[in-house]
**Q** 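Next up is a structure, given as structure tokens.
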Amino acid sequence: MAHNYDAETLFPPPLVDNDLSFGEVTEKICGIVEAPPNHKWLLALIPALTGLTILGGAIGWLIWEGTGIWGLNNPMGWGWAIVNFVFWVGIGHAGTLISAILFLFRQRWRTAINRFAEAMTIFAVICALIFPGIHVGRVWAAYWMLPLPNQMSMWPNFRSPLLWDVFAVSTYFTVSLMFWYVGLVPDMATLRDRAKSKIGFWIYGVLSLGWRGANRHWQNYERAYLLLAALATPLVLSVHTIVSFDFAVSLIPGWHTTIFPPYFVAGAIFSGFAMVLTLAIPARKIFGLEDFITVRHIENMTKIILVTGMMVGYAYAMEFFIAWYSGSEYESFAFVNRALGPFGWAYFIMVSCNVITPQIFWFKKMRTNMTVVFILSIFVNIGMWFERFVITMSLHRDFIPSSWDYYSPTIFDILTFIGSFGLFFTLFILFMKFLPAVAMAEVKGVLPQADPHWSGYHEEGHDD
Amino acid sequence: MSAHHAPQINPMLPPEKLKKGLALAALLGLGGLAATGAGYWMGEHEQFYGSWLLAFSFYTTIALGALFYVILHHLTRASWSTGLRRVAENLAANLPLMALAFLPIAFGLHTLYHWSHADAVAVDPFLKIKSPYLNETAFYIRAGVFFVVWTLMAFFYRRQSVAQDKTGAESHNFKMRKLAPISMILFALTLTFAAFDWLMSLDPHWFSTIFGLYVFSGSVVSFFAVLSLVALWFTSGKSELGLTIGNLHDSGKLMFGFIVFWTYIAFSQYFLIWYANIPEETIWYQVRLSNGWQNVSMLLMVGHFILPFFVLMSRHAKRNRLVLGLGAAWMLFMHVVDLYFVIMPTLHHHLHMHWLDLSSLVGLGGVFALFFLLRFRKVAAVPHQDPQFQASLEYDNA
């Protein structure tokens with residue numbers, strides 16, 4: 001029986017609904033992977049692949065023609081590319097927060113959602129890395145971003161936060177991938193043991209690294225998991241902190257403000273959780289994961305959205321207050337221009353989607369209504385994209401009024417951005433089919449049966 | 001979950017232990033306050049106000065950290081933190097006392113705050129712009145609002161919790177949980193603007209959007225240091241409170257976490273200002289990196305981060321009573337250094353320590369401890385009737 005979530009209790013309800021047994025957990029999760037692809041899955045793959053094709057075309061044309069096909073101008077040297085980069089990197093943060101920080105905080109409800117949130121992190125970082133990569137102009141020289149010894153003695157500028165980004169994001173990607181893979185090993189072994197085809201047996205067999213579930217395996221596993229969690233936790237903060245440095249180390253009013261690092265991190269978690277919800281709500285329906293990703297899981301995530309949304313709101317308020325308090329007319333102008341200038345419409349979208357609409361999550365009725373939560377999660381995604389847009393657009397009225405200009409994206413800006421969603425969803429849809437979407441071994445650990453003192457199954461005669 | 005046999009718990013602090021604590025607090029309080037009063041009487045007015053602001057900020061931030069802990073406990077519906085919650089409730093209940101301690105600052109406004117001089121504002125275009133915010137009336141009104149809000153919150157949570165000692169009813173938990181979200185919002189806003197008013201406006205030209213978070217992070221570190229020390233004292237000798245080394249470990253872990261958080265915030269503020277190198281912002285650090293103040297800055301970097309980071313990282317360190325105790329005491333000292341670094345350069349061009357700094361800290365500290373301890377006379381030292389209490393003692397803390 002599904003748990004009744006309306007009653008208020010002191011201690012949290014069980015993490016898995018319907019009293020599933022160990023065997024039922026395995027059946028449900030492995031069943032998704034083992035069943036032949038169905039129509040719904042193929043139908044979802046078509047638009048994703050279309051988007052991926054669009055991305056390929058847009059990038060191909062960009063490499064052929066150059067960044068002139070984008071809407072960049074002077075003074076707008078940074079346009080949608082940086083906006084999309086920060087947007088995608090930010091989305092990744094929820095995965096690491098769920099897998100690392102919630103693990104250290106012993107939030108056991110994370111087990112149901114961490115696997116696919118981590119997958120989302122990895123795919124989002126892949127999408128993010130595309131944008132700075134193609135923005136360099138000569139893509140074939142993109143490896144110059146790395147400090148490689150060369151006969152011309154050409155080095156990247158070590159004082160530039162753009163270089164730190166290269167290190168931060170690639171470290172983040174590597175650690176996230178390792179973390180994800182370590183968690184997958186026991187589940188891969190389960191799939192190996194159940195495999196019916198030779199190919200499946202070999203692929204899952206190689207990936208499971210000879211896992212046999214021995215006591216020693218589990219001890220090493222738990223230790224590795226804890227260490228990776230401790231390593232990944234500072235990365236959650238450092239990556240978006242350095243992304244915020246891209247803006248904040250400059251002298252540009254509206255970019256240079258000391259609250260940027262924590263404000264960006266809060267915003268990243270905010271947007272990441274929105275994306276987790278955008279993915280989780282349809283996925284739990286399509287793949288029948290309602291017993292694992294319960295209403296309580298969704299409700300917890302909406303609460304995190306409410307909290308981080310207010311943190312972001314706090315940062316907006318501090319920026320505005322200090323812009324006035326500083327007495328600097330450039331600061332004040334930048335913020336008044338943001339809200340009331342030519343890009344005021346974008347500011348309006350940002351504040352409505354990030355600060356105002358999430359307030360609906362004060363009400364339990366709204367937090368537990370899947371349709372409302374899904375729509376709200378889309379709102380937050382939109383709002384957070386516009387936040388980065390608003391920040392980047394601070395450039396449009398710089399210190400010399402004669403160079404002031406407006407920014408409009410071209411069709412190629414738009415197609416590249418849409419295409420990045422194609423890449424993201426293609427990877428995600430493939431993941432849902434070929435890898436266990438829920439961390440089976442971890443979920444089994446939070447079942448009541450896993451407690452050594454558990455004394456259920458009385459009707460079956462067990463009594464220990 | 002299976003039934004455990006709970007060990008016999010006596011939730012009251014042993015009277016002899018409490019008596020010793022009260023006597024020491026009263027002695028330090030009286031001695032310190034007498035010395036501080038003598039300093040004022042000897043004509044050290046400027047120094048007195050500066051030193052008093054240091055002591056006032058130190059104890060207020062500790063009490064605010066305690067309030068944060070209580071609100072966060074209910075907001076996140078945590079159960080592991082129940083065992084030590086009464087300590088936090090009793091610390092936060094000292095906030096109205098801090099309103100009393102604020103009076104000397106209100107009297108010393110003209111000595112401490114440059115913006116409070118009408119003639120200075122008249123010739124300074126920046127102060128003129130800020131005068132709708134930075135003026136005496138608004139300053140007093142805001143301080144009043146802060147203390148009223150803090151007092152109401154601190155009393156509400158403590159009263160509910162103490163009432164539960166008698167009834168053991170779950171309804172108290174639900175009531176406190178219900179008001180936790182709004183309390184957290186009020187807490188964030190009041191602490192931020194209190195930090196702007198009392199500390200940032202010491203240099204009225206300087207500004208930093210992260211400053212509220214900076215004060216907040218230090219406040220939480222110092223609270224967890226106090227919590228660790230009090231918990232060590234509670235569990236010293238033959239304790240029947242039921243608290244375990246696991247509860248101390250929890251306190252140590254959060255202290256460690258917030259040490260890193262403080263560093264993150266302090267570094268973000270310093271680094272962005274250093275990198276952009278705009279004179280109106282760098283001046284604040286320029287002052288703190290010259291004329292002897294650079295030593296305080298270095299001490300802060302080494303002592304508030306590098307040293308505790310490596311010492312307290314290991315699980316064994318946090319579960320060792322001696323290491324945890326020394327670490328917590330050191331972090332309290334570092335919190336003094338942190339506030340000293342923020343406040344004193346506006347008073348002294350050159351690094352200059354004064355005995356009034358010490359006497360104010362000791363005097364106000366004695367009174368602070370006295371009122372804190374008096375609350376344990378008739379009320380249990382642990383919320384033993386909270387349905388989550390037993391769970392917090394048995395929490396898996398491996």
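Proteins get letters first, then strands, A, B, ... in listed order; numbering begins at 1 in each. No hydrogens, no waters, no symmetry mates; every other heavy atom, side chains included, goes into these values.
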**Q** Please round to the nearest 0.5 Å and tell me the distance separating atom OG1 of A:Thr241 and atom CG of B:Leu272.
**A**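 A:Thr241 OG1 to B:Leu272 CG: 9.5 Å, rounded to 0.5 Å.
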**Q** Please look at A:Leu237 and chain B and tell me whether the side chain, the backbone, both or neither of the residue comes under 4.5 angstrom of a heavy atom of that chain.
**A**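 For A:Leu237, backbone and side chain are both near chain B.
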**Q** So which of A:Tyr325, A:Tyr314, A:Phe321 actually passes ring pair (Phe, Tyr, Trp, His ring centres under 6.0 Å) with B:Phe193?
**A**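 With B:Phe193 as partner, A:Tyr325, A:Tyr314, A:Phe321 yield a single ring pair (Phe, Tyr, Trp, His ring centres under 6.0 Å), made by A:Phe321.
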**Q** Please flag which part of B:Pro204 lies under 4.5 Å from any non-hydrogen atom of chain A: side chain, backbone, both or neither.
**A**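 Backbone only.
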**Q** Taking all heavy atoms of B:Ile265 and all of A:Pro262, pick out the closest pair and write down the distance.
**A**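 Reported closest heavy-atom pair: CD1-CG, 4.1 Å.
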**Q** Can you tell which part of B:Phe126 gets under 4.5 Å to a heavy atom of chain A, answering side chain, backbone, both or neither?
**A**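 Only the side chain of B:Phe126 comes within 4.5 Å of chain A.
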**Q** For B:Ser201, is it the side chain, the backbone, both or neither that has a heavy atom under 4.5 Å from a heavy atom of chain A?
**A**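 When you check distances to chain A, atoms from both the backbone and side chain of B:Ser201 fall under 4.5 Å.
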**Q** For the NZ atom of B:Lys130 and the OG atom of A:Ser326, what is their distance to the nearest 0.5 Å?
**A**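 Here the rounded value is 6.5 Å.
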**Q** Between chain B and each of A:Met318, A:Lys303, A:His256, count heavy-atom pairs under 4.5 Å; write down the option with the most.
**A**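 Looking at each option in turn, the highest pair count goes to A:His256.
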**Q** Are a donor atom and an acceptor atom from the side chains of B:Tyr214 and A:Thr258 found within less than 3.5 Å of each other?
**A**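 No.
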**Q** To the nearest 0.5 Å, tell me how far A:Glu331 CD sits from B:Glu280 CD.
**A**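 Here the rounded value is 8.0 Å.
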**Q** Looking at A:Phe105, I'd like to know if its CZ atom is crowded, meaning that more than 12 non-hydrogen atoms belonging to other residues, nucleotides or ligands lie closer than 6.0 Å.
**A**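 No - once you tally the heavy atoms of other residues, nucleotides and ligands closer than 6.0 Å, there are 12 at most.
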**Q** Would a line drawn from the ring center of B:Phe271 to the ring center of A:Trp164 be shorter than 6.0 Å?
**A**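 Yes, the ring of B:Phe271 comes within the 6.0 Å limit of the ring of A:Trp164, centre to centre.
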**Q** Less than 3.5 Å apart, any donor N or O on the side chain of A:Tyr263 or B:Thr209 sitting next to an acceptor on the other?
**A**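 The criterion, which ignores hydrogens and geometry beyond distance, is not satisfied for B:Thr209 and A:Tyr263.
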**Q** Below 4.5 Å from any heavy atom of chain A, which atoms of B:Leu134 appear? Answer side chain, backbone, both or neither.
**A**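 Looking at B:Leu134, just its side chain touches chain A.
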**Q** First locate atom OG of A:Ser332, then atom CD1 of B:Ile129, and finally report the distance between them rounded to the nearest 0.5 Å.
**A**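 The OG atom of A:Ser332 sits 7.0 Å away from the CD1 atom of B:Ile129.
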**Q** Is B:Ile185 close to chain A through its backbone or its side chain, or both, or neither, when contacts mean heavy atoms under 4.5 Å?
**A**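 Interface part for B:Ile185: side chain.
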**Q** Considering only heavy atoms, which portion of B:Phe261 lies under 4.5 Å from any heavy atom of chain A: side chain, backbone, both, or neither?
**A**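 The answer is neither part of B:Phe261.
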**Q** Counting only heavy atoms closer than 4.5 Å, note whether B:Trp206 contacts chain A via side chain, backbone, both or neither.
**A**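 Interface part for B:Trp206: backbone (N, CA, C, O).
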**Q** Between A:Trp324 and chain B, which part of the residue has a heavy atom less than 4.5 Å away: side chain, backbone, both or neither?
**A**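 It is both, since atoms from each part get that close.
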**Q** Between A:Ser250 and chain B, which part of the residue has a heavy atom less than 4.5 Å away: side chain, backbone, both or neither?
**A**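 Contact with chain B is through the backbone of A:Ser250 alone.
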**Q** So, taking the atom named CD in A:Gln107 and the one named OG1 in B:Thr76, what distance separates them when rounded to the nearest 0.5 Å?
**A**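 Answer for the CD-OG1 pair, A:Gln107 versus B:Thr76, is 7.5 Å.
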**Q** List the atom of A:Trp362, the atom of B:Pro181, and the distance in Å for their closest heavy-atom pair.
**A**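 Minimum heavy-atom contact is CZ3-CB, 3.3 Å.
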**Q** Are B:Tyr275 and A:Phe245 close enough that their ring centers fall under 6.0 Å?
**A**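 Ring-ring flag for B:Tyr275/A:Phe245: false, centres at least 6.0 Å apart.
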**Q** Going through the checks in order, is the side-chain contact (heavy atoms from CB on, under 4.5 Å) test met by A:Met310 and B:Met184?
**A** CA-CA 11 Å; A:Met310 280 192 282; B:Met184 194 55 102; over 6 Å; no
